[in-house]
Each structure stands twice: as structure tokens, then as C-alpha cells.
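All remarks here apply to the structure that follows.
As the structure is a prediction and not an experimental result, all values here were calculated from the model. Worth knowing before you read on, the calculation uses all heavy atoms, side chains too, and leaves out hydrogens, waters and symmetry mates. In what follows, every chain begins at residue 1, and chains take the letters A, B, ... in the order their sequences are listed.
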Amino acid sequence: MPAQYNLVNRLNEDSRMILTTVDRALNLARANSVWYLLMGLACCSIELMQTGGPRADIDRFGSLFRATPRQSDLMIVAGTVSLKMAPRLKRLYEQMADPKYVIAMGSCANCGGLFNLSYSIVKGVDKILPVDVYLPGCPPRPEALTEALIKIQEKIKNERYLRKKE
Amino acid sequence: MTNAAAQYFRNIKDAVRTTAKGMKITLKYWLREPAITIEYPDRLGEGRTADDIVQDRFRGFLRLDSSICIGCLQCMKTCPIDCILITTEKIGEERHLTRFDVDQSKCMYCGLCVEVCPTSAITFSKRFEGACYDIRELCISHIHQPAPVAKPKAKEKEG
Amino acid sequence: MKISDLIALLKERLRDVIVGIEEMPNNDVMLEIKRHDLLPVLTTLKKDKELGFISFTNQLGVDYGDSFAVIYNLYSFALGNKLTVKVFLEKDNPEVDSVERLFRGANWFERETYDLLGIRFKGHGNLERLLLPSDWEGYPLRKDYVYPEEYHGMALKRKTLFEE
Amino acid sequence: MTEFLSDEMVLNMGPHHPSTHGVLRFILQTDGEMMRRAIPDVGFLHRGIEKIAELLPYQAFMPYTDRIDYLASICCNFGYALTVERLAQIEVPEKAEYLRVISAELTRIGSHFVGLGALLLDLGAVTPFVHALREREVYNDLMESLCGARLTHNYVRIGGVSYDEPPGFREKTRRFIDHIEYEFLDEFNELASFNTIFINRMKNVGVITAEDAIEHSLVGPNLRGSGVKHDIRKNDPYSIYNRFNFDIPVGHGKFGTMGDCYDRYWVRVEEVMESCRIIRQALELMPETGPVRTKLPRVFKPPKGEIYVRTECPRGEMGFYLISDGGKNPYRLKIRTGSFSAAAMIGEVSQGVMVADLVTIIGSFDVVAPEIDR
């Protein structure tokens, strides 16, 4: 069993033993049920669909797509965000319940990518949303998206969820 | 009345038949060997790495062989979105490459720079994994200390 | 139909209004007409039994620097021929009759041309911006278009990673 | 605003809605379950590709054509390359023509898989979509071995193609199309196309007559679904399509009225079979060796002139109107796409149907958002 799945391996190091354990247990549950919002905007949406498809099968990680922001934890911004779409994207992000994460999938979402020459594109989704993981590729392979999801899971596992307000 | 009853039973028969058909197809793929799913990243199969699941010509991250780069700046000029930055400097007698950065977050993996390179110094690797928490990590430097550029003529003689 | 035959036929039917007619590459005929003749000419092209250009395939606007042009691509199922109709417009008053009533498929094409080039179509039922947001300023496909700096507080420039 | 009937309601659908196939928005004016009007609102993916074309050299614009219709990138590549070649009168090597046709038809198959699968997904049948995606993975591997990318292939170049076929490509392609034609489509039809519920939802919905279809500039499978036998590959043959023997499938009212959603769906299924036929013939005829690319000058300048070239994409006719002023960049490039007029048509045919049928109609037109907005 990999180290991060072990709930009590830091029993002796941490003085706040019980609290961290609850944190870890919670994080384990959270990390393995990351439901993502079906935010397919452009070319990357096909790869996003194929990631949920039979070969990459992202369900293995407990992730499945939701069409509504209210039920999702992760927003995969898959594609080019135009200026007309940006306010809608922001609203969808605001509708998601906390804690929420964002993957900028592909070059366009990272920094505008090949549409840097265009007049109607948001140059990078991090201008309007806080992005957790950047994923290069145009479009990234399903395996690359899987890797990004693992990065999100790692991030969730390292978070101290209950002590956030301190 | 009898008509309606006949229709009712026909519907039941139809439902059973179509469900059985669907289940047959599902069963066929369920029992299929090898399975369609590639269990990236944990179980890729015997001795396989992430590079083996992509095809030979896969256009992944750009890679530079700085020993044969002649510093002609063709790739930088041909890139439509300026995702390559090269600076050269004259140190002593020879021209040195001082900077060869590729912005992988912006790159569209079109291959124009690879096609235009006269010595095939810039090529595609099979690497596709590059997710990171900070976008600055995706700006990849290929030159860490000034390296002398290769001489095009010398290269030709070798070839 | 052969290109030369089509040109002869068009010359016969539209004797008075043709400004220029020439052969284009790819088996196409370019017919240039004046602005106010557009609607009658397209009506003739569509309604004429022999010509029968009933398919409206494409429409675009062009900024030629000193003038605008609207180009229509038509196709005739009966003849199997393509036809390109071109109308030049003045730079300061780009306005032309709408053909939306004649070809219903032209509706969105005209809206798009209006959106991106600012060419107005007289008689169009719903001439609004189609692709860009309704509060967008300027017409992007004009040659003298200057990219905006920001839109609703979103800066449109981004530093490259090399500068950071 | 006061003119609203008491039981009328305005409903917003999209731009982020799973059944609108990308970012497409509809404003629905409904009366209970009946729909009075549906007004499409597009432009959520307007990326200004036509402006970008004016800023880039001819060769450098090629990767952008991939993104016009990401499901059929080779067909778009093909159309653009053909336009420039016809204007500059560049000869394309024999083998490159075959590789182009094979890859374009493969793309058509892959694109229709998503189109058909997504339509079924919208109607609530998730399984056929997953089956279609599974076959698409095989197609993706095939294309990846040919040109190195799964989706945005960027394979066709002005004056040829970028790579020769990889070893074993013919064999793999043959196996793939055999599997599609003789195994997968039968299975798919059994699973979905001839399902009673599916037929009942599709037939007599969104009927378009042939006259209406022509009047509204519909193209491609949407036009053929209404019974108009018009295919650019036959009527205005480009490349080497006139060497192959294939039929144009048209709708004929298989279960309901001619020109309904089922006809448009069925035309696509039959087109997949026709594409398989073309690929099989092309694989037979393709020369073993030979150059695949004409050498062009590094700064390529076609002569001054204007040209309009149409090609048959999976979503219908794709036309490139190119104006060259003799410089190294295009002066103006207009891209006419099939989805553009189809999206306009959705608003017209969805008057007076049920709200749930709108989803059927959108799916049956198989629109792709970037093709509408460009």
C-alpha cells in the first residue's frame, strides 16, 4: 500500500494526533471522489470525454463527470475561453461548492496558447479563476489529464482541511 | 381490448429481447482479453513505461540536442506564437548559445520548428506528462550554461 | 456547363447591369455588379428557370483598403456551376440591400459580416452582432482595426513566461 | 415585455449545457412543454481565426485549420491546402493524394462516431457513446502512428503531407475498417439504431423538406438527410475522389417522414460505410513508394487572385474563400462551415416542438461549436 494511503503513519510525529488523522481520513475520502464539472469548451473537450471513456477510464480514481456545478469539486477548463464566455465561466466557478479546484487543461487555458494572436480570447484562465494545476498539451492526452488529476489528489491529501481557518 | 393486451405482451417480449441483446454485447466486451483500459500510471503492463503507450511519431515536449544546434534561429522565427526564445552571444571567438527556452505551456505541438530545423537539433520527445502547480515550471530551459554552437560546415563533413 | 457558355448566358440575361465578368480559378465565374443592382440581379439568378442559382453557399465581406466589397457565392444544382457575385461599397457608407428575404440562409451570413466588418444590410430583420458580445467596439476584420487593451476589466495582454 | 402570454416562460439553455455540443446557447420561449421559439445565441467560442489568417504566412496557418473543426481536422487541413494549391497551381505527388484521402475518410469515420454517440448520449443512451469512444481510440492510435497527434493532426501540408505512412499502417487500417464495417456497425445498430424507443424519439421530429434545406443553405449530411443528392466529392470532385466508386447516401424516410432526425442520423451511419469503401479502394490503389511532398520555397508567395474552393467535411461543405494580394500572408480568408448554417436552421425547425425534442434536433444536426464561431 502506498504511503499516502496509510492513515496513521505519522502518529508519533504530530502532536495533534487525532485531528490530523481526521484530516487525513477526510482527505482520503475527498481525494478519491473528485467529481469534475463537464466544462468542455473547445478541442480539449473531446479528450476530456475520452478520458472518461473506456481506455483512460478516469472512473478508476473515483472521478466522474457532473453536468451541474453544484455537485462538482473540480473544474477542468478544457479549451479556449473567449471573452463572451468568461463571465459565464466565472459564474459556474462561483456556483461550485467549496472546496473547489481548477485544472487548466491545454495551452489555451494555460496562457491563450496558439490563440494569442486573437482579439477575443482570455489569455489564460488564471486571469479569471485561481488555477491549481496547469496541464500542457494541445490537446493533452487522456493519460496526461489523468496525471493532472493525480496531482489534484496529491494536493488534496496534503491539505489540512479542518484547520483551514487558522 | 385483445389488441391492447397483445401489444402489452409484445412490449414485454421486446423489452426482454433487446435487454438480452444489449447484455450480450456488454458481456462480450467484459470478458475481452486484453482489457481495453490502460491503467495509467500504475499498471501499464510488463516492463512498460509511460513512453510505451504512445506511438513512435507522437509529438510530445520539444527536446534540444545542443551539441548540433547551429544557432540559426529558424525555429524561433517560424513559430507562429513565439514560444521559443533563443539568445546567442559571442564569447571569445565562438558564438555561444546562452539561452534556449521553450514555453511548453504555450506550444501547440504543430511541428513547424522541427520541420524547419536544418540539423534536426530540435525534435519531439515522447514525453507528455507535465502537469504542475506553477505555470513557470513549464518554461523549460534547454541551456544551463553557455554552449558553443555547432558549425554547420563541420556537421556536413561528418555527414 | 462550360465556363464560356455560362459567361455567354449571363451576358445575355444581365446585359445592362454587368460591370465586369471574368473567369476565376477553380471553374468559377466572377460577376461584378453595382450596389443598387444587387437585389434584382440575385433575384434573376435565382428565379430564372435556366440559370437556377438557388443555393446560397457563402457570403463574405472584404476590406480592400479604399473600399469594401461583399462577395456572394452561389451554386446552381441545375447547371452544376458556381458563381461569384461581387459588389463594391464605399468606405464611408458601407451599406447594401439585404438578400435575407430572397435566400433565407443568408440571414446569419449577413449578421456575421455586419459583426466583423461593419457592413450594414438594408432591410435585414435582425441586424445585430452575432459572434462578438453586443457591447463590443469596432469591427475586427477591418484592416485598420486596433486590438483592444481590455474588456470589462480583463486585460487582453499577457506577459510571456520568458519575461517572468 | 408586457405582451407575454400568462403561461409563457423564457428558458435559458446553455452555453454550458451537456447536450448543446460545446458552447452553444438557446433562449427558449416555452408554453409548458411546448416550445414557441428557440433563438440560438452563438459566439461563445469565437476565436478570430479569420483574423489570425491575415497575420500569418500561408504554411504557418495550417495548425489553426485543425481547430476549426477539431473532430475532423484533416478535412479542414485538406480544404485549406487544396485552396492554396489551386491558387498557386502546385502539383501534389500521387502518394500524398492517396494519403490525404485515406486520412480524411478515417477522420470522417472518427467524427461521425462522436456525432452519433453524442446524439445517443443526449437522448439518454450512455452505453453506445462509450462503445463509439472505444472505437475512436483505435482510430486515434491509427492517426497518431501516422501523424503524431490524436486530435489536432496537422498532417496535410501545402504541396503534400508531412509524413509517409508508417510501417504496418495499411494492415492496421484494413483491420480497423473491416472491424467497423462488418462488426462494430452491426453491433451499434443492434444496440441503438433499431431500438424502438430511439426510433420513436427520432422519427417525424424536426422535419425539413428538400426545398427548405436548400433555401436555408444546409450542407452535407443535413442536406442529404432531406433527400437532396448533393456531395462535393461527386458533384465537384476534388483531389482523386473521382477514381473511387462510392454512393451518396440520402434520406428516404426510413421510419418516418423524409428529412426527419432519423434520416439525418441514418445518413451518417451509411456515410461511415461509404468511407470504409473509399479507404479500402484507396489502400489497394496507393503506390508503395514515392515522394509525399513537393518542395516549396521557404517564403511562399502565391500569385495575386481570388479563389473559392469547397470540400466535403463530415459536417458538410467547407469552403475557403481566399484572397491573395501576392504577399506572404493571405489578404482575407473566409471559412464557410457546415455547422454555421445548421445552427441557424435549428432555430427555424424547433418552432412548436417539445422541449425534449430540441435536444434531438440539436444532436441530429451534429453541430460543433468552433465551426459555428471560428
- Task: Assess whether atom CG of B:L73 is packed by more than 12 heavy atoms of other residues, nucleotides or ligands within 6.0 Å.
- Result: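 Counting other residues, nucleotides and ligands, CG of B:L73 exceeds 12 neighbours.
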- Below 4.5 Å from any heavy atom of chain B, which atoms of D:Y64 appear? Answer side chain, backbone, both or neither.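 When you check distances to chain B, only side chain atoms of D:Y64 fall under 4.5 Å.
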- Query: Side chain, backbone, both or neither: which part of D:P57 has a non-hydrogen atom closer than 4.5 Å to chain B?
  - Reply: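 Neither part.
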- Under the side chain to side chain contact (heavy atoms under 4.5 Å, CB included) test, which residues partner B:R127, sequence neighbours left out?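 B:R127 satisfies side chain to side chain contact (heavy atoms under 4.5 Å, CB included) with B:F61, B:S125, B:I140 only.
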Side-chain donor-acceptor pairs of residues 23-31 of chain B under 3.5 Å, sequence neighbours excluded:
residue : atom : partner : partner atom : Å
B:T26   : OG1  : B:G22   : O            : 2.9
B:K28   : NZ   : D:E183  : OE2          : 3.4
B:K28   : NZ   : D:E187  : OE1          : 2.8
B:Y29   : OH   : D:R134  : NH2          : 2.9
B:Y29   : OH   : D:E187  : OE2          : 3.1

Check: [Y] and [X] side chains under 4.5 Å, non-hydrogen atoms:
| X | Y | value |
| --- | --- | --- |
| D:P166 | B:R57 | yes |
| D:E144 | B:V54 | yes |
| B:E115 | D:S162 | yes |
| D:P63 | B:L112 | yes |

- Query: How many angstroms lie between atom OG1 of B:T78 and atom CD of D:Q59, to the nearest 0.5 angstrom?
  - Reply: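 The CD atom of D:Q59 is 8.0 Å from OG1 of B:T78, to the nearest 0.5 Å.
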- Value rounded to 0.5 Å, distance of CG in D:D66 from OH in B:Y109: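 Between atom CG of D:D66 and atom OH of B:Y109 there are 15.0 Å.
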- Tell me, please, which residues at least two apart from D:E165 pass salt bridge (charged side-chain N to carboxylate O under 4.0 Å, His left out).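 Salt bridge (charged side-chain N to carboxylate O under 4.0 Å, His left out) check on D:E165 returns D:K95, D:R170.
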- Task: Under 4.5 Å, heavy atom to heavy atom: which of residues 148-155 of chain D reach chain B? Give them by number, or say none.
- Result: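 At a heavy-atom separation under 4.5 Å, chain B is reached by D:G148, D:A149, D:T152, D:H153, D:N154.
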- Heavy atoms only: give me the nearest B:R59-D:C147 pair and the separation to one decimal.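 Of all heavy-atom pairs spanning B:R59 and D:C147, the closest is NH1-O, 2.7 Å.
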